[in-house]
Amino acid sequence: MSLCKHEVVFQARELTDSEKEKIQIYFKIKRRSGGGECGPVEKVSEGTYKISFLEQEAQQRVLDRKEHVIIVASGELHLSVTGNDTPGVNKHSTDSQQGHPSEEVAKILKMDSYLLAYLDENPKARQDLQQRLSTLCSSFKISPEADELVVKRGPAQEELCQDKWEMQLEDVCIQIMQTYQCYYEVDSERLKILQDNPFLCSGNTSIYRETKELAVVVGGKSDVDKLLHKLEALQTKQQIRKDCMVSEAHFALLEEEFGTEMKASFPHIKIERQGSRTLVFDGPETEVEVACTTLQQLIKKIRQRRLQLPGPLIAFLTSSGAIQTYQSRFQQSLRSPVMLEAGPDLILSSLTSESLEEAAAALERDLTVETVILEQAEAESPGITTLKETLHGALQQANRDRKRVELSYGIPSQSDPQIPVQIVGYKQDIEQLKAILLSYKFNQADISDFLNLPNSLVAENFSKVLELLGLQPSGLRLMPIPLPSPSVQFAGPRELVQHFKERLASGLSSLVIKDFNVDGPGAPQYFRGEGKDNIALLERSHRVLIFLLSDQNPVDATASSAISAISLTPTDTQPHLSLTPPDYSKNKIDLEVVLGQLEDQQVDVMVAPMVGRNMTSTRIGGIFAQKAGNRLQQNFDRSQKCQSSLKPGDVLEVDGTPTIGCQKILFIECSRWDALKGNSEKALRYGLKRALELCEHHAFSSVAFPIIGPGPVMNIPSGKAAQMLTEEIGQFGQRGQTRSLSTIRIVIQPDYQESAEVFQKVCSGLNSYMVDNNTGQAVFQSLTSDLDDITLSVGGIQLHLVFGDITNEITDAIVNTTDFKNFDSAVCKDILTMAGPEVQRALQTAQVKRGDIFSSSPGYFPCKAILHVCGQKDAAVIQDLARDILLLCERKRYQSVAIPAICAGTGGVNPHVVADAILNGVNAAVSSCALHYLTTVRLVLFKIHVFQQFQAAARTIMGLPVVPGPLRAPRAPLQQTQPHPCSTDLSLLLQQFSSGSPSAAFSLLGTSQEDLTDVCSSLQRFYASHCSQHVLSSEELAGLSQREVEDLARRVGSLGVTLEGSGHGGGAGVVVRGLNEGVKEAMYVTQGLLRRQVAEREQKELFAHVVWCIMGQRGDWERFPKEANQKLEKGDVSGAVTDAHGHQWNVNLPQMRATAVGSGQVTSLKRLENLPDFRVPLYWDCLGSGATLQVIPLDPTSAEYDRVKRDFKKTAKKTVLKIERVQNVHLRRAYEVLRQQLEEKNGPPVGAGDRTLYHGTTADACQSIMKNGFNRGFAGQNATVYGLGTYFAVNAGYSANPTYSRPGADGTQLMFVARVLTGRYTLGQSDMKVPPPVSAQQPHMRFDSLVDNQQSPSMFVVFHDSQAYPDYLITFK
């Protein structure tokens, strides 16, 4: 029960709940209304309301006010209040002196309690009031709680009448009320702004808050106006616009509920629609945010259902206005409206799931899509026009009121002549149109139908099958289809089609089909030949169809196919068989290494790199563009359009131009060198491989490659670039894919800083692939280079131009060029160091005139005399010296002399001038007299450009053609190889020549199983009557000629025979089984083939154990093929022996020498013997019996010595005194095992990382290393900056430092050239005892070695003793 019992009644229009709440707030505020704690506003009757107060005093104060003004949303509300007994009467007193007894006259003025509080509290306002009342000689007292201002009249005003004083007092009161203003604020948003911004209140204004729903601003009128202006500005600032995503359909469902909420709670917000899915809210930020949240909460109430209707049906709903129709229908018939939205699917939205389900059911029940197919015959029928007119009329009738159905005709095509008729709309109307179409199809049109057939054979012979079944189709069009699904199509009048289909189905169900094989050699040949007549006889007598199918094991009867089928299918248990001697020249490639520019080559194809799909990104591409102009760029752009995606490793084929002179340019897309990752290497290798394959694919005969990679664009180390190119070319040759490609040319720039190094690496790399050492067969035809030795015949002597190091020469005389003062020039220093101190002392004391030759003893140099000369940097002096050197050698009866390019090095004379002078000097010598003793003059040239100048001068001065390189033996003609005696169980090899289990496969068709069984027996009987067999005993097996071997290879399949063991052991003989004629012919030639296979197996076994080698053209050892290997091992050298390149040699086994047939060139032979578990490297010498360690001094004239020395001298400016090869079987075996493990572990391109590195040593440690290998236990002797392992340097110059190669007593130093397996490496640290893991995810997978710099290592550290092998020991000084 309420405690508020003191009621006040007032009249007002119909009030809203919000307005009632504001009235209650007003009467709660004492200062504003005089009231206090009160209850809610209650409606008494129409237009009459009451509110009850807790205290009677509050009720009386409210009643004492004349009128109450309350601000609500619709404006000001003026209320006149009464008590229960006196409604409508305002009880108040404007003045009263009762209750205030005083001798002075007092006046009580009722004023707004907030204004009185302001006048009382604000000093300035109080002073203003005091000044105004002092003019009336009056004093005052403010009582805000009583809403009273009590003014007392002073004695000075006693003569003034009371009425006049009161009038003056009222004037003052009016002035005060005009000067000061009370503003009541009830808007919640503005109240919050006032609360959050206390700075709005200045010293001349005050804000009073009785409750959270009201604030009163009091102050001077102008000050209050300013505050309200600021308040308005702040409120405007907080106005925002916000988008709220809601579709029209969803908002339509929520509009009524949300609109009511907006009017009640968000009256200041304006809403407008922007597009079909967005509402824009404009108003106070707080209200906007709450309104958006409210709307989103309401949206969550919406339920949706997605109907996946056919596209044509959704289009019909949109175009026909059916969506609006259904929405109106659902709004009237369902509990909750349902809205429809058309898109890829039809989306239904509603506030209740029940309404959604009912709406979805109604749509699916009412609407559908139907398609009726008109076959080609039906569509082309004359009645089609009448059909369309009938459908049009029915369509018009159905859509007379509104659109209810749509009909459309599909368009036939050549591949599909049918016409689909689509009907979309309401089911009832669709059924009417569909009935018209079906009636037409059934009653008026021709039709087509089909029936599946048992197999394609029935389809291919359908007319014969119909005849067999006794069917005669008339008035129908038939089309059998064998593949992919055997069937027969038939078309015609409906009745005929249906009748024929029933009869055919019945006939096919009674058809008996049987597959049958007549097994045996020659069975297919027999039935394709003379057995045909027997087949025809059986078909007539048994009323069946007999079809001979293809052979199950076909054998090509041509010679090439027979030989290929045999020679290209070796197995693990059957030796490889070759029926004819290999043609070494067939499909072999000539390799050329040239010095020059790529753009100057005359070849079919040029290969060039590019980066970022930009032709001119590299130097070569820029030169091409400059030389060929816009035409090449147009070709490039056209090719790029055809090949939209290019990743590193891809090859872009671009047509060449006449100015460049090639048919194609293959641009390889490359990337910058990423050493450790290996991605750039993989891409470049793939591009090189792809370029070679494209040359072969397009049948080009020649291609030119540059060294791709060195330079600032790609930054690949030159040695690595050369290695990748040579390896990819070598592997291409080993794959044996060549048919048209005959020339591969590698072009090296002669002016490049590392040209000589790259040239040697390319030649060495390619040379290692010339012969496949696993088979002894040649991989490439030849390898020539611009730096090959050149031989000229001049006046009876052989003049050789040699690119090399004169300190490697072993001629009778060596020429040293010096100024007789400074002996530190490179060549002079090396010669004198090798010769020893005695020669150097003699040279220092020599007194030599201009143009004279000083001859000294050789000292330790391997020659008879050293001739010291000074060219004086004068061409005339150089020419005279060259002449005099030859004449001096003749006088001293020297047979050979080696001469350098005098003054072309440190002398600074132009190499062209030096070449002319020396060659003219040689000419002068041979012209002045006959040379009887001197036969060989070798001009040894150390620099590439110097060699080229001498080469050019030789052509000009000598006037003779230049013959490059040593002459090789002529190619061997194809020889017939006589068979070797049979020495094994021949029956084990017979299956190589057996044609397997040949069969004649038949498919039989009939109407009786008994007939087919009789036919099968007859076929088998006919074949057996034409077969026989013959056993060849071992005594009957005789030698065969090559012609007989080839004849059998051509005819073994076509003869229709097989070769089988007789069943009594391998030595008992061979059974030849098959057709009579084939057995007769085959039995004469079979045994020779078997013996040939046995011989080749013996050759293979010997080839794996014994290795016969010949010194190749470039000083490398090459294996003989298997046949030559066997002849040499047996000592059968009465005739010429043929090497892998097809060259013939006469062999002297005691001297281990071979002389080329025709040219007379002499070269060395070598025999190696592999151990059971160790394959001896080809470059090793033969191991002594039981020997496991040999140290072999290298011949200074050998290519092996020259290669090791050249690599050493690239970075070590020392004189090489001796090079020894270390042959340690145990160490090398362990090294090879570990290499294979690392290859398998790391995979390409990292692999084992087999590198040639250097390790300085001492005489004391040398023997231990050669015997036991490198021992990491000695780590730390020369620092361990990168780990506690064995250290190896990339450059010999580093290891040549005396710190690592400590000089001996005689000043000589020692260094190992080591093979090192670096594998996958990372940066080392001094405390590492083993390499770290590759990653935290693979803690057991470690790096293989450590380096000082990951991007460009100069030092490697290994931790496995078998990871390095001491290959050579160099003694130097």
* Asked: Is a donor on one side and an acceptor on the other found under 3.5 Å between the side chain of Arg1175 and the backbone of His1105?
  -> no
* **Listed partners of Ser413 passing side-chain contact (heavy atoms from CB on, under 4.5 Å), at least two apart** => Ser415, Asp416
* Structure fact -> Distance col, row Leu483:CG vs Glu460:CD, nearest 0.5 angstrom, shows 7.0 Å
* **Any donor-acceptor pair under 3.5 Å from Asp772 side chain to Val779 backbone** => no
* Asked: Between Pro524 and Ala1000, what is the shortest heavy-atom contact and its length?
  -> N-CB, 3.9 Å
* State, yes or no, whether a side-chain contact exists between Pro1121 and Thr1138 at a heavy-atom distance under 4.5 Å. => no
* Calculate, to the nearest 0.5 Å, the distance between atoms CZ and NZ belonging to Phe780 and Lys588 respectively. => 10.0 Å
* Asked: When you look at Glu1101 and Gln1126, which way does the side chain to side chain contact (heavy atoms under 4.5 Å, CB included) test go after all the steps?
  -> CA-CA 10 Å; Glu1101 292 173 352; Gln1126 186 183 49; over 6 Å; no
* Asked: Take atom NE2 in His698; do more than 12 heavy atoms of anything else shown fall under 6.0 Å from it?
  -> yes
* Any side-chain heavy atom of His1030 within less than 4.5 Å of one from Arg1073? -> no
* Expected output: side-chain Ser740 to main-chain Phe700 donor-acceptor under 3.5 Å -> yes
* Asked: Taking only residues two or more places apart in sequence or in another chain, which ones pass salt bridge (Lys or Arg N to Asp or Glu O under 4.0 Å) with Glu728?
  -> Arg685
* Close side-chain approach of Ile513 and Leu1004, heavy atoms under 4.5 Å -> no
Per-pair distances, 0.1 Å, donor-acceptor, side chain in residues 449-458, under 3.5 Å, sequence neighbours excluded:
from   : atom 1 : to     : atom 2 : distance (Å)
Asp449 : OD1    : Lys501 : NZ     : 3.4
Asp449 : OD2    : Lys501 : NZ     : 3.0
Asn455 : OD1    : Leu457 : N      : 3.1
Asn455 : OD1    : Val458 : N      : 2.9

* Side-chain donor-acceptor pair under 3.5 Å between Tyr1023 and Asp519, yes or no? -> no
* Residue pair Ile419 / Ile411, side-chain heavy-atom distance below 4.5 Å -> no
* Under 3.5 Å, is there a donor-acceptor pair between the side chain of Gln489 and the main chain of Ile481? -> no
* **Test log, rule side chain to side chain contact (heavy atoms under 4.5 Å, CB included), inputs Phe1022 and Val518** => CA-CA 10 Å; Phe1022 289 146; Val518 176; over 6 Å; no
* Asked: Nearest heavy-atom pair of Gly507 and Leu469: which atoms, and what distance?
  -> O-CD2, 3.6 Å
* **Heavy-atom neighbours of Glu467 CD exceed 12 at 6.0 Å** => no
* **Contact check, side chains of Ile373 and Val421, non-hydrogen atoms, under 4.5 Å** => no
* Minimal non-hydrogen separation, Ala459 against Ser487, with atom names -> CB-O, 4.4 Å
* Asked: With side chains defined as the heavy atoms from C-beta onward, is the minimum distance between Arg543 and Leu468 less than 4.5 Å?
  -> yes
* Backbone N/O of Val1106 and side chain of Asn1125: donor-acceptor pair under 3.5 Å -> yes
* To do: Taking all non-hydrogen atoms of both residues into account, name the closest pair between Ser1028 and Asn1076 and its distance.
  => OG-OD1, 3.0 Å
* To do: Would you mind listing every side-chain hydrogen bond (donor to acceptor under 3.5 Å, both in side chains) that reaches into residues 1009-1020, with sequence neighbours excluded?
  => Ser1008-Glu1010, Ser1018-Arg1021
* Phe547 atom CZ, neighbour heavy-atom count above 12 within 6.0 Å -> yes
* **Criterion side chain to side chain contact (heavy atoms under 4.5 Å, CB included) on Leu1075 and Gln525, from CA distance to verdict** => CA-CA 9 Å; Leu1075 297 177; Gln525 292 95 318; 4.2 Å; yes
* Approximate separation, where rounding is to 0.5 Å, of Glu696 CD and Phe732 CZ -> 5.0 Å
* Dump the intermediate steps for side chain to side chain contact (heavy atoms under 4.5 Å, CB included) on Val1079 and Gln1029, then the final yes or no. => CA-CA 6 Å; Val1079 170; Gln1029 67 180 40; 5.6 Å; no
* Val372 side chain near Lys434 side chain, heavy-atom distance below 4.5 Å -> yes
* Asked: Would you call the rings of Tyr526 and His1026 parallel, tilted or perpendicular if under 30° counts as parallel and over 60° as perpendicular?
  -> tilted
* What pairs with Glu502 under salt bridge (Lys or Arg N to Asp or Glu O under 4.0 Å), at least two apart in sequence or on another chain? -> none
* Of the non-hydrogen atoms in Ser448 and Glu375, which two are nearest, and what is the gap between them? -> OG-OE1, 4.2 Å
* Approximate separation, where rounding is to 0.5 Å, of Leu1019 CG and Asn534 CG -> 8.5 Å
* Asked: Taking only residues two or more places apart in sequence, or in another chain, which ones meet Phe1002 in a ring-ring contact (aromatic ring centres under 6.0 Å, His included)?
  -> Phe527
* Please report the closest heavy-atom contact between Arg1119 and Phe1103, naming both atoms and the distance. => NH2-O, 2.8 Å
* Tell me, do Glu370 and Gln422 make a side-chain contact under 4.5 Å, heavy atoms counted? -> no
